[in-house]
Amino acid sequence: MRHFSHRPSHLLRLTLLSVAACFAMPAQALDLLGAIRLAAVNDPNLAAVRAQRLAAGQSTIIARSALLPHLGAEASYSELNLNSQTSVPGKLEYNQTTWGARLTQPLFHWDAWYQYKAISAQRSQQEAEADNRTQDLFLGVASAYFDVLRAEDTLALAQAQEKALGQQRDKAEAQFKVGVIARSDVVEAEAQRDTAIAERLSAEIGLTHARETLNAALATEVDDLSPLPENIPTPTPVPNDSKAWAALAKQHNPGLIAARFAASAADKAKQAQRAGYLPSVDLYASTGNIRNSDIVEDVPSLLPTGSPINFQAGRQTAVGVEARWELFAGGRTRALVKQAGYQADAARAAARAQEHQVVNATRTAFMTVSTDSQRLAARQRALRSAELAREAAQAGYSVGSRNIVELLQAETRVFAASRDYANARYDYVINSLRLKALAGQLDEASVATVNGWLSAN
């Protein structure tokens, strides 16, 4: 089980890089790494995670204090009146000043020890959750970033399709006027063009929505993004084995690690509740001083022989051991132990359930990325075939062996194949990042690798 307490987090390193980048960012297209750094600075949720992480660091110090020496000091000033009711009545008035110090060292506090262990596990849990939130930031911003690029490509293809089909419609209208083709061919061309117009309008809405999603993630408006080139590396995942990726996820997935730390904290909390059956033992040392002054007496025989200044006065020093043991608390201790046991069982079950979920999701993501690499190559071949089919349809239409319906269909298939190829590229990139996130491997280096594929405007 990985512990997060003694290593710098992705979140901290990312924040430092983000702040530095904000002071020296030239006016150019925003790339993926720049978008993630911008989100790290502006995202209020991550600011809350940073504050919670700092608060968790203080909780262990607070819990550890119950195991360390405690030193206290006290002082008091009193005006005392003594009225004697004996056979010799009298009255005594004096002022008493006391001061002292007490040092206590816990020797046996079962609850304090296991409470400290529980708080330490909770701190590690919160640090793992912070790393998980950081990975969610990487993946969420990357998805929003590439969704904008996807929407831009979709709109560009829709505009090109509308233009091409509009030209075909104009040609069909001109040919109809000279009697070369029938009116039905013009209607078919108009139908194809109108469909392209509808697709272009939908693409514009999709781009607006994608941009708003990215702007919300970055908490600012961004105009230009570095595009993803058509030819990107498509290596198979390394290691090329679903079991190996599942093993990585079991070991490094931060969400799963957080669940395990939560189960460990619940176990320690259960042990802490058992302290109700046990005694607590402290070693103590104390010193104090009592001083009397302004003594007024009505009957001298009330005072003992000697100076009245020494009456109930002097220095007292003590060293000893104290033990406290609650023998019966009305059933409260038993109920607390049982409740903590049930909570520990629930936390362990939740951790096991999350492990199954993470393993299944990782295996599925591995198969998806492995298939995406092959699907991308197939989409590229399909695009090339559609382009060749369009060229053949254009050549046949020019010599009269193909009609306009066949030409329009070939034209539409090219744009559909182009759109499918673009989607396959973005799916491969996002799914690759998602696989790394599930395995706990998504960090700045992984983002920088993908960022290197982007083309600068």
Side-chain angles (χ1 to χ4, degrees), residues 3-6 51-82 94-127 261-294 309-341 343-344 347:
H3 198 282
F4 289 78
S5 299
H6 305 295
Q52 291 171 356
R53 188 168 193 150
L54 294 174
Q58 299 302 312
S59 61
T60 54
I61 299 175
I62 297 171
R64 188 175 63 237
S65 67
L67 304 172
L68 299 178
H70 288 200
L71 177 62
E74 60 180 13
S76 66
Y77 174 80
S78 305
E79 295 183 355
L80 303 177
N81 297 315
L82 175 61
Y94 64 97
N95 299 329
Q96 186 177 81
T97 303
T98 64
W99 61 90
R102 180 184 175 95
L103 177 66
T104 303
Q105 169 60 58
L107 295 181
F108 182 79
H109 280 254
W110 183 277
D111 57 340
W113 171 251
Y114 277 100
Q115 190 65 27
Y116 169 69
K117 301 290 285 185
I119 293 297
S120 297
Q122 289 175 1
R123 176 188 177 183
S124 298
Q125 173 193 350
Q126 291 175 338
E127 290 174 344
F261 276 124
S264 177
D267 282 332
K268 301 299 187 298
K270 175 184 176 182
Q271 294 296 327
Q273 293 298 339
R274 292 183 182 275
Y277 295 123
L278 301 173
S280 60
V281 183
D282 294 320
L283 174 67
Y284 74 91
S286 65
T287 182
N289 193 294
I290 301 176
R291 180 178 178 271
N292 300 320
S293 62
D294 301 330
I309 288 295
N310 294 325
F311 177 58
Q312 294 183 344
R315 177 176 293 277
Q316 180 181 13
T317 302
V319 176
V321 176
E322 291 180 334
R324 292 178 300 277
W325 196 347
E326 187 175 52
L327 299 180
F328 182 69
R332 180 176 182 272
T333 301
R334 176 181 174 84
L336 287 174
V337 172
K338 292 181 68 174
Q339 182 187 56
Q343 292 171 343

Using the rule given for side chain to side chain contact (heavy atoms under 4.5 Å, CB included), can you reason through W113 versus K117, listing the C-alpha separation, both sets of side-chain angles and the distance that settles it, and then say yes or no?
CA-CA 6 Å; W113 171 251; K117 301 290 285 185; 3.8 Å; yes

May I ask you to test the [X]-[Y] pair for a side-chain heavy-atom distance under 4.5 Å?
| X | Y | answer |
| --- | --- | --- |
| P106 | L67 | no |
| Q126 | R53 | no |
| L54 | Q58 | no |

Does CD belonging to Q316 count more than 12 external heavy atoms closer than 6.0 Å?
no

Exam field: side chain [X] to backbone [Y], donor-acceptor pair closer than 3.5 Å:
| X | Y | value |
| --- | --- | --- |
| W110 | Q271 | yes |
| S59 | A56 | yes |
| W99 | I290 | no |

Under a 3.5 Å threshold, yes or no: a donor from one side chain and an acceptor from the other, between T60 and S120?
no

Hey, could you give me each pair passing salt bridge (charged side-chain N to carboxylate O under 4.0 Å, His left out) that has a residue in residues 265-278? Not counting sequence neighbours.
D267-R348

Listing request: all salt bridge (charged side-chain N to carboxylate O under 4.0 Å, His left out) pairs with a residue in residues 64-81, at least two apart in sequence or in separate chains.
none

Rounding to 0.5 Å, atoms CZ (R332) and CD (Q339) come to a distance of 10.0 Å

Between CG on residue D282 and CG on residue L107, distance to nearest 0.5 Å:
6.5 Å

With sequence neighbours excluded, residues passing side-chain contact (heavy atoms from CB on, under 4.5 Å) with S65
none

Among R102, Q105, H70, find the residue that satisfies the side-chain contact (heavy atoms from CB on, under 4.5 Å) test when tested with Y284.
R102

